[in-house]
Amino acid sequence: MQHTLAGAALLATLGAQVQGQEFGPLKFKEDGTFQISIFEDLHFGENAWDSWGPENDLKSVTVIDQILDAESPDLVVLNGDLITGENGFIENATVYIDQIVAPLVDRGLTWASTYGNHDHQYNLSAVELLERENSYPNSRTQRMVTGDNAGVSNYYLPVTGSDGTPKLLLWFFDSRGGNYFQHEDGDNAPQPNWVDESVVTWFRETSQSLSDEHGKEIPSLAFVHIPINASLAAQVIDGIDANTEPGINDDYPLAQQAQGWCEDGTNSNECSYGGQDTPFMKALVEIPGVLGVFSGHDHGATWCYKWSNQIPGMDFSGEGLNICFGQHSGYGGYGTWVRGSRQLLISEEALGRGELDTWIRLETGATVGSVSLNSTYGEDVYPATPNDHS
């Protein structure tokens, strides 16, 4: 109960700060640019009963503060595993949202979230997470797809240009996983860990509807916590080059959607991969204008890869889709790699060529992995990313 009261007090304080604040549509700035800061795998609320748990949360807040002091994002994306939900209690599991967003509220920044496997747990409801986020006017997190199998954080946000029409679409997906909330089978009722086919249908239909409405294909970016299987194929089949695809590559082999599930939809340690994310992958490469998909989940992976080839066993290729990881941002969760945040800088002018720039800002203040996701990415040579720990 002590944590619940503390969270309520923080919510009241922050609520007073943002009362009356309004946020209009996302827009490109006057110079034609739009910047996104992505925070991955913050893992707040881990081992709250031990001193190191709350201490790690405070360190994670410092990471957010340091990066936001160094960068000037127009949108912050919280890309899954905001909370280590299996360590939470139902009475207070969502109050960590208040601690996570405090640096954003203090700066008057707006954010959008996806939910990850650790955000879906027996004592942590993603629906209640959404409700907690939306107690702040700064939150843009939504639920556009209903249904028991859809998950929660499936929605899109347009970014408009100077003429008021959408120039960029940001798609957010719930890759689910973890366990079902308050399930009758107890705290070990596994939830599928892929973007559900009902969401894929919504993605295709909504994208087509927006193209028809505006009379053009609108460039877009996708955010989803658990990476698609093409990420594993890139790593294991093609290999990640330290100079053409700079980044840490310590999670080998990495964990992808549908890992640990069988083709018949049963959860089993005997099955390495069930293939259920194939409809989502096909949609990402077949829907016109999708430039990249950004994921977390694998804390020891921070690279980008241009998926152009055909994965063995599949009847489609990547069509040049950029698949990227961020940087482990929180002091919760496994791994001691230096914490950081992937930055995306998009310009209206570069969108016409299907390009964007990206880099990772570390808690140390340094930047690593600065690349241009352009037509020659994967061929251009960059400095290797140091594998530093803290």
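Keep in mind it's a predicted model, so treat the numbers as computed, not measured. For the numbers below, each heavy atom of this structure counts, side chains included, while hydrogens, waters and symmetry mates do not.
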task: I would like to know whether Glu46 and Asn87 meet side chain to side chain donor-acceptor pair (under 3.5 Å); could you show each step before the answer?
output: CA-CA 6 Å; Glu46 200 161 273; Asn87 284 181; over 6 Å; no
- prompt: Atom CG in Leu68, atom CG in Leu104: separation rounded to 0.5 Å?
  reply: 5.5 Å
query: Is the gap between the ring centers of Trp194 and Phe280 under 6.0 Å?
result: no
message: Nearest 0.5 angstrom please: Cys324 SG to Phe294 CZ, how far?
response: 4.5 Å
message: Which residue is it: Asn79, Thr114, Val195? I am looking for the one with a side-chain contact (heavy atoms from CB on, under 4.5 Å) to Val224.
response: Val195
message: Is there a path of hydrophobic side-chain contacts, each under 4.5 Å between heavy atoms of I/L/V/M/F/W/Y residues, joining Ile237 to Ile240?
response: no
task: Using the six-membered ring wherever Trp is involved, compare the ring planes of Trp171 and Tyr156 and label them parallel, tilted or perpendicular (cut-offs 30° and 60°).
output: tilted
- prompt: Salt-bridged, Arg361 to Asp69, with N to O below 4.0 Å?
  reply: no
query: When you check the side-chain N and O atoms of Gln35 and Gln343, is any donor under 3.5 Å from an acceptor?
result: yes
- request: Using only heavy-atom distances, determine whether the side chains of Asn193 and Gln259 contain a donor-acceptor pair under 3.5 Å.
  value: no
- request: Only one of Asn117, Asp41, Asp81 passes side chain to side chain donor-acceptor pair (under 3.5 Å) with His297; say which it is.
  value: Asn117
- request: Could you tell me whether the side chains of His43 and Thr84 share a donor-acceptor contact shorter than 3.5 Å?
  value: yes
- prompt: Knowing that exactly one of Tyr334, Phe325, Trp337 qualifies, which makes a ring pair (Phe, Tyr, Trp, His ring centres under 6.0 Å) with His299?
  reply: Tyr334
query: CH2 of Trp52 to CG of Asn47: how many Å apart, nearest 0.5 Å?
result: 3.5 Å
query: Just checking, is any N or O donor in the side chain of Asp357 or Ser372 under 3.5 Å from an acceptor N or O on the other one?
result: yes
Residues Asn123 and Gln182: side-chain donor-acceptor under 3.5 angstrom: yes
Would you give me the side-chain donor-acceptor pairs under 3.5 Å for residues 383-390, sequence neighbours excluded?
from: Thr385; atom 1: OG1; to: Gly247; atom 2: N; distance (Å): 3.3
from: Asn387; atom 1: OD1; to: His389; atom 2: NE2; distance (Å): 3.2
from: Asn387; atom 1: ND2; to: Asp250; atom 2: OD1; distance (Å): 3.1
from: Asn387; atom 1: ND2; to: Asp250; atom 2: OD2; distance (Å): 2.9
from: His389; atom 1: ND1; to: Thr336; atom 2: OG1; distance (Å): 2.8
from: Ser390; atom 1: OG; to: Arg339; atom 2: NH1; distance (Å): 3.3
from: Ser390; atom 1: OG; to: Glu363; atom 2: OE2; distance (Å): 3.3

query: Given the rule that I, L, V, M, F, W and Y join up when any side-chain heavy atoms are under 4.5 Å apart, are Ile100 and Leu124 in one cluster?
result: yes
query: Is the ring centre of His120 less than 6.0 Å from the ring centre of His225?
result: no
- prompt: So, Trp111 versus Glu133: side-chain donor-acceptor pair below 3.5 Å or not?
  reply: yes
query: Does the distance from a Lys or Arg side-chain N to an Asp or Glu carboxylate O, for Lys27 and Asp74, drop under 4.0 Å?
result: no
- prompt: Taking the inter-plane angle between the rings of Phe203 and Phe173 on a 0 to 90° scale, is it parallel (under 30°), tilted (30 to 60°) or perpendicular (over 60°)?
  reply: perpendicular
message: Determine whether Asp65 and Arg107 satisfy the following criterion, side-chain contact (heavy atoms from CB on, under 4.5 Å), listing intermediate values before the conclusion.
response: CA-CA 10 Å; Asp65 276 325; Arg107 292 168 173 79; 2.9 Å; yes
